[in-house]
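Notes to accompany the following structure.
Worth knowing before you read on, the calculation uses all heavy atoms, side chains too, and leaves out hydrogens, waters and symmetry mates. Residue numbering restarts at 1 for every chain, and letters A, B, ... go by the order of the sequence lines. From a predicted model like this one, the values you see are computed outputs, not experimental measurements.
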There are 2 protein chains.
Amino acid sequence: MYSKAEENYLKAIFKIYEKTGKHVHTNAIALHLDNSAASVTDMVQKLSEKNLVNYTKYKGVLLTNEGKKVVTGLIRRHRLWEYFLVNKLGFGWDNVHELAEELEHIHSEELISKLDEYLGMPKYDPHGDPIPNGEGKYSMRTQLLLSDLVAGQMGTLVGVGDNSSSFLKHLDHLKIGIGTQIKLISKVDFDDTFLVEVQGKEHNLSAKIASNVRVKMFDR
Amino acid sequence: MYSKAEENYLKAIFKIYEKTGKHVHTNAIALHLDNSAASVTDMVQKLSEKNLVNYTKYKGVLLTNEGKKVVTGLIRRHRLWEYFLVNKLGFGWDNVHELAEELEHIHSEELISKLDEYLGMPKYDPHGDPIPNGEGKYSMRTQLLLSDLVAGQMGTLVGVGDNSSSFLKHLDHLKIGIGTQIKLISKVDFDDTFLVEVQGKEHNLSAKIASNVRVKMFDR
DNA sequence: AATATTATTGAAATTAACCTAAATTATTGA
DNA sequence: TCAATAATTTAGGTTAATTTCAATAATATT
């Protein structure tokens, strides 16, 4: 199996690639992992040796299929543990990331498939992110950003774009969570904020918040 | 916090001390952990620096109170995870040791107290071993070895002295587990075996098995 | 195209956890 | 009691994952 360090590099590469869709530069990885660029070069060469990434000097890396498989496994474990921590042990959704980060490095296939079954094979984690199945497949929901709605439209919150504790705590405070129904009353151009209605109450949300809330439109 | 390696050394020292009750020699630890004696000396000196053991050159080590506290925490985590794996996820009792060995190194106090609560604060793990509470206290049951019973006496199996997979699988095969009632019919001096009755069936158990089965006598 | 900026690399050093081989100390049994 | 044997420690290395720092390559700016 791969070491914790290797796995964390692969995850970082995956995450950065998700945003940019281009070759992932060593510097970007160094920034993300708070490591020196020199360490990253070392590790990236090692990962390339093991055929987990394709590496071109000065250009950056891309995950190979093998590398993607490793990352999908990590994400599956991470999100299943988050689901367990929140829905069985009663942790808050703002509080489980670090623990899942440790638990995901336990590799037993049997453990994960039994945990999956015990949890009822959930499709989404507590932040609305999809949980890959045993084969690495996961469903993407058609979803929009709250900031992309048109005034008057209504949606159900299905995910958040940022899992930072401070953001999630803020949502908790507003009594907004997964499943909450949100109606966009209007966009306020003047200060680029969003007037919404949640459970009968009006709130004024910043653009930063609105662009980190993912909603699903009602089927009609 | 302490590293995995340090914790494993402390656990080994604890286990060996449990059996012998004397200073724990370098070689005994090396044997237990399958390390070289020289590595053990290194680590033991480090643990001594950190006041987790008292170390006398050429004589061996004893755990300090601090060291004992660390070990009790490890045992608590290990046994709670075993309980979870067996009673929630459906693992067999012969199959959980290695996984618990990994899970026990996750240090979150919140995780363990929430897990404990979720499990209903169990007092014994799936092998009948006591689970220390948050303060490190645990109850010892008055228990006997099956091999110490007198012919005709009956007891309930409450624990096993060996958690090896092969031993536990053998017990499974005989349909003997925690809670099983066992009656000693007679000791067979000739070949040092034990004739017992379990659920209406007679079995002839070796001395090795009988001395690794712990029973509690019926209260009358 | 020349220069400035940013990214990448190589070399040398560090730390934790190991190892082997050699030296030292303890034990024991003739 | 003292020499042989066993156990332990020391000394000196190895490996994985880091770091820092200086040199070099690629890219961007004027």
Does a side-chain N or O of [X] approach OP1 or OP2 of [N] to a distance below 4.0 Å, or not?
X	N	result
A:Tyr55	C:dT9	yes
B:Thr41	D:dT9	yes
B:Ser36	C:dT20	no
B:Tyr2	C:dA16	no

B:Val215 versus B:Gln143: any side-chain heavy-atom pair under 4.5 Å?
no
Can you find a heavy atom in the side chain of A:Arg77 that is under 4.5 Å from one in the side chain of A:Leu74?
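Counting from C-beta outward, A:Arg77 and A:Leu74 do come under 4.5 Å.
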Looking for any heavy atom pair under 4.0 Å, which part of the strands does A:Thr26 touch: base, sugar-phosphate only, or nothing?
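It contacts sugar-phosphate atoms only.
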Heavy atoms only, 4.0 Å cut-off, all strands: where does B:Ala5 land among base, sugar-phosphate and nothing?
sugar-phosphate
Of the options [options], whose atoms approach the side-chain atoms of [X] most closely?
X	options	result
A:His25	D:dT19, C:dT8, C:dC19	C:dT8
A:Lys57	D:dT10, D:dT18, C:dG10	C:dG10
A:Ala38	D:dT10, D:dA25, D:dT20	D:dT20

Taking atom [atom2] of [N] as reference, at what distance in whole Å does atom [atom1] of [X] sit?
X	N	atom1	atom2	result
B:Gln45	C:dT15	CD	P	18 Å
B:Asn27	C:dA26	CG	P	16 Å
A:Asp42	C:dT14	CG	P	17 Å
A:His23	C:dA7	NE2	C1'	15 Å
B:Tyr58	D:dT9	OH	C1'	5 Å
B:Leu31	D:dA7	CG	C1'	12 Å
B:Glu6	C:dA16	CD	P	9 Å
B:Lys59	D:dA6	NZ	P	23 Å

Name the stems with DNA chain C in them: runs of three or more consecutive Watson-Crick or G-U pairs, distances under 3.5 Å?
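In DNA chain C, stems of three or more pairs: C:1-30 with D:1-30.
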Would a distance-only check, ignoring hydrogens and angles, find a side-chain to backbone donor-acceptor pair under 3.5 Å from A:Ser39 to A:Asn35?
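Checked: no pair found.
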Is it true that a side-chain atom of A:Glu6 and a backbone atom of A:Ser3 form a donor plus acceptor pair closer than 3.5 Å?
yes
Whether the side chain of B:Asn35 and the base of C:dC19 hold a donor-acceptor pair under 3.5 Å is what I'd like checked.
no
Please confirm whether the ring centroid of B:Phe84 lies under 6.0 Å from the ring centroid of A:Phe84.
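Yes; A:Phe84 has its ring centre under 6.0 Å from that of B:Phe84.
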Taking the six-membered ring where the residue is Trp, are the ring centres of A:His127 and A:His97 under 6.0 Å apart?
no
From the list B:Ile209, B:Leu168, B:Val213, B:Asn212, side chain to side chain contact (heavy atoms under 4.5 Å, CB included) with B:Asp162 holds only for B:Asn212
Under 6.0 Å from the ring centre and within 45 degrees of the ring axis: does the NZ or CZ of A:Lys114 meet both conditions for the six-membered ring of B:Phe91?
yes
